[in-house]
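Working notes, beginning with the structure itself.
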Amino acid sequence: MQKWVLALLFLLIGWGALHTWRQRPVAQAPGILAPDAPLQVDIDHGTQLQRGDVTLTTRARFELTARVLSREDYRYDAGASLAPVDLALGWGRMSDSAVLAKITISQSNRFYYWHVQEFPIPQRDIETSSANMHMIPSDDMVRHSLERIRPGQLVHLEGFLVDASRPDGWQWHTSMTREDTGNGACELVYVEDISTVAP
């Protein structure tokens, strides 16, 4: 019995080490890597997509190239089966290593947090040039691509901002602007394509 416990322990440690190694940060030289803000085209009458018992309603066509500031995987919360990965993404000055070296970034409970000792850029630039986005993969290929994304990488994604709902009354709404902060400020993104790009 003890051998099985030890074997399981070593297996869990090995899995954890492999997971950490796969998601190790990618170093980038100083300079703005993703100069442009996300592109968004709002949709007046959205299409409905079904994902199991979840109905997705498209709100806007969405596309961006951004630097991955952080990532967090979810397995057990109410939205985990729909959006298993959150990416904190930065563009403009929030894609510059010289700026990011002075900002501490973390994620938990579907939020993205940042902290500074002193501001390397104005606070409003941090707020409007970065966002936490909940990623809904459109298929298994996109899911596998999301699994390989690492902090520090430059990614390009295309898809839709969506609202989600279930028959039991559960709802999850996307932000429709990069100007907001706090609760409700995250984008819920139905990802049709995502790939890493060279700086």
Side-chain angles (χ1 to χ4, degrees), residues 23-43 58-73 83 85-138 142 145-163 172-199:
Q23 295 187 8
R24 67 198 184 282
V26 174
Q28 300 283 9
I32 293 175
L33 301 181
D36 299 322
L39 298 173
Q40 177 177 321
V41 179
D42 294 351
I43 299 170
T58 57
R59 299 288 311 282
R61 186 74 191 168
F62 193 67
E63 180 178 350
L64 83 159
T65 299
R67 179 174 178 158
V68 180
L69 307 178
S70 178
R71 68 166 289 150
E72 186 72 17
D73 296 347
V85 179
D86 279 11
L87 296 180
L89 299 171
W91 52 90
R93 298 172 78 181
M94 283 297 287
S95 67
D96 185 348
S97 292
V99 170
L100 296 174
K102 300 177 181 179
I103 303 175
T104 302
I105 290 170
S106 63
Q107 288 171 283
S108 67
N109 298 317
R110 296 290 182 176
F111 287 94
Y112 143 61
Y113 303 93
W114 57 266
H115 175 75
V116 298
Q117 294 293 335
E118 61 180 69
F119 284 97
I121 58 176
Q123 178 175 340
R124 193 61 181 148
D125 285 4
I126 297 174
E127 293 171 344
T128 61
S129 298
S130 63
N132 187 61
M133 301 192 185
H134 313 307
M135 300 290 153
I136 303 173
S138 60
V142 172
S145 295
L146 283 167
E147 289 171 353
R148 294 193 294 270
I149 298 298
R150 296 162 55 189
Q153 288 183 317
L154 196 64
V155 298
H156 180 80
L157 73 81
E158 298 181 18
F160 293 91
L161 297 182
V162 297
D163 289 336
W172 203 359
H173 296 284
T174 184
S175 168
M176 293 293 288
T177 175
R178 313 298 84 74
E179 301 291 322
D180 53 3
T181 61
N183 191 24
C186 298
E187 286 73 18
L188 187 57
V189 187
Y190 181 77
V191 184
E192 293 186 313
D193 184 67
I194 186 167
S195 59
T196 57
V197 295

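Just so it is clear, the values below take in all heavy atoms, side chains as well, and ignore hydrogens, waters and symmetry mates.
Within the 3.5 Å criterion, the main-chain N or O of Val26 finds no donor-acceptor partner in the side chain of Gln153. With hydrogens and angles ignored, the 3.5 Å screen pairs no side-chain donor or acceptor of Asp73 with any backbone N or O of Val85. Side-chain atoms of Arg150 come within 3.5 Å of backbone atoms of Arg24 as a donor-acceptor pair (strictly under, hydrogens ignored). Using a distance-only test at 3.5 Å, with no hydrogens or angles considered, a donor-acceptor pair links the side chain of Thr174 to the main chain of Leu188. Side-chain atoms of Asn109 never come within 3.5 Å of backbone atoms of Phe111 as a donor-acceptor pair (strictly under, hydrogens ignored). A donor-acceptor pair under 3.5 Å is absent between the side-chain atoms of Ser129 and the main chain of Ile126, judged by distance alone.
At a threshold of 4.5 Å between non-hydrogen side-chain atoms, the residues Glu192 and Phe160 count as touching. With contacts defined as side-chain heavy-atom distances shorter than 4.5 Å, the pair Leu87/Ile194 qualifies. Side-chain contact between Glu179 and Glu127 is absent, with no heavy-atom pair separated by less than 4.5 Å. Put simply, the side chain of Ser95 reaches to within 4.5 Å of the side chain of Ile32, judged on heavy atoms. The side-chain heavy atoms of Val189 and Val162, taken from C-beta on, include no pair separated by under 4.5 Å. Using a 4.5 Å heavy-atom cutoff, the side chains of Arg93 and Pro122 are in contact.
Taking CZ from Arg59 and NE2 from His173, the interatomic distance works out to 8.5 Å, rounded to the nearest 0.5 Å. Rounding to the nearest 0.5 angstrom, the gap separating the CZ atom in Arg61 from the CG atom in Asp42 is 13.5 Å. Atom CG of Asp163 sits about 15.0 Å away from atom OH of Tyr190, to the nearest 0.5 Å. One distance of note links OG of Ser130 with CG of Leu100; it measures 9.0 Å at 0.5 Å rounding. Between the CG atom of Leu39 and the CG atom of Leu64 there is a distance of 8.5 Å, given to the nearest 0.5 Å.
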Inset, instruction - Determine, stepwise, if the pair Gln107 / Asp86 fulfils side-chain hydrogen bond (donor to acceptor under 3.5 Å, both in side chains). - result: CA-CA 8 Å; Gln107 288 171 283; Asp86 279 11; 4.9 Å; no
Inset, instruction - Kindly indicate, with the supporting measurements, whether the criterion side-chain contact (heavy atoms from CB on, under 4.5 Å) is fulfilled by Tyr112 and Ile105. - result: CA-CA 7 Å; Tyr112 143 61; Ile105 290 170; 3.7 Å; yes
Inset, instruction - For Leu157 and Phe62, run side-chain contact (heavy atoms from CB on, under 4.5 Å): C-alpha distance rounded to whole Å, both residues' side-chain angles, the deciding distance at 0.1 Å, then the answer. - result: CA-CA 8 Å; Leu157 73 81; Phe62 193 67; 4.3 Å; yes
Inset, instruction - Show your reasoning for whether side-chain contact (heavy atoms from CB on, under 4.5 Å) applies to Ser108 and Tyr113. - result: CA-CA 8 Å; Ser108 67; Tyr113 303 93; 3.5 Å; yes
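Ring pair Phe119/Trp114 is perpendicular by interplanar angle, where above 60° counts as perpendicular and below 30° as parallel.
Considering Asp193, Thr196, Thr65 as possible partners of His156, the one that fulfils the side chain to side chain donor-acceptor pair (under 3.5 Å) test is Thr65. Partner Leu89 forms a side-chain contact (heavy atoms from CB on, under 4.5 Å) with one of Met133, Arg71, Met94, Arg67 and no other, that one being Met133.
The two residues Ser97 and Ala29 have their closest heavy-atom pair at OG-O, 3.6 Å. The shortest non-hydrogen separation linking Arg110 to Ala83 is NH2-O, 2.8 Å. Scanning both residues, Asp180 and Ser175, for their nearest heavy atoms gives OD2-OG, 2.7 Å. Shortest non-hydrogen contact noted between Leu154 and Ala198 is CD2-O, 3.8 Å.
A salt bridge links Arg178 with Glu187; the closest basic N to acidic carboxylate O contact falls under 4.0 Å.
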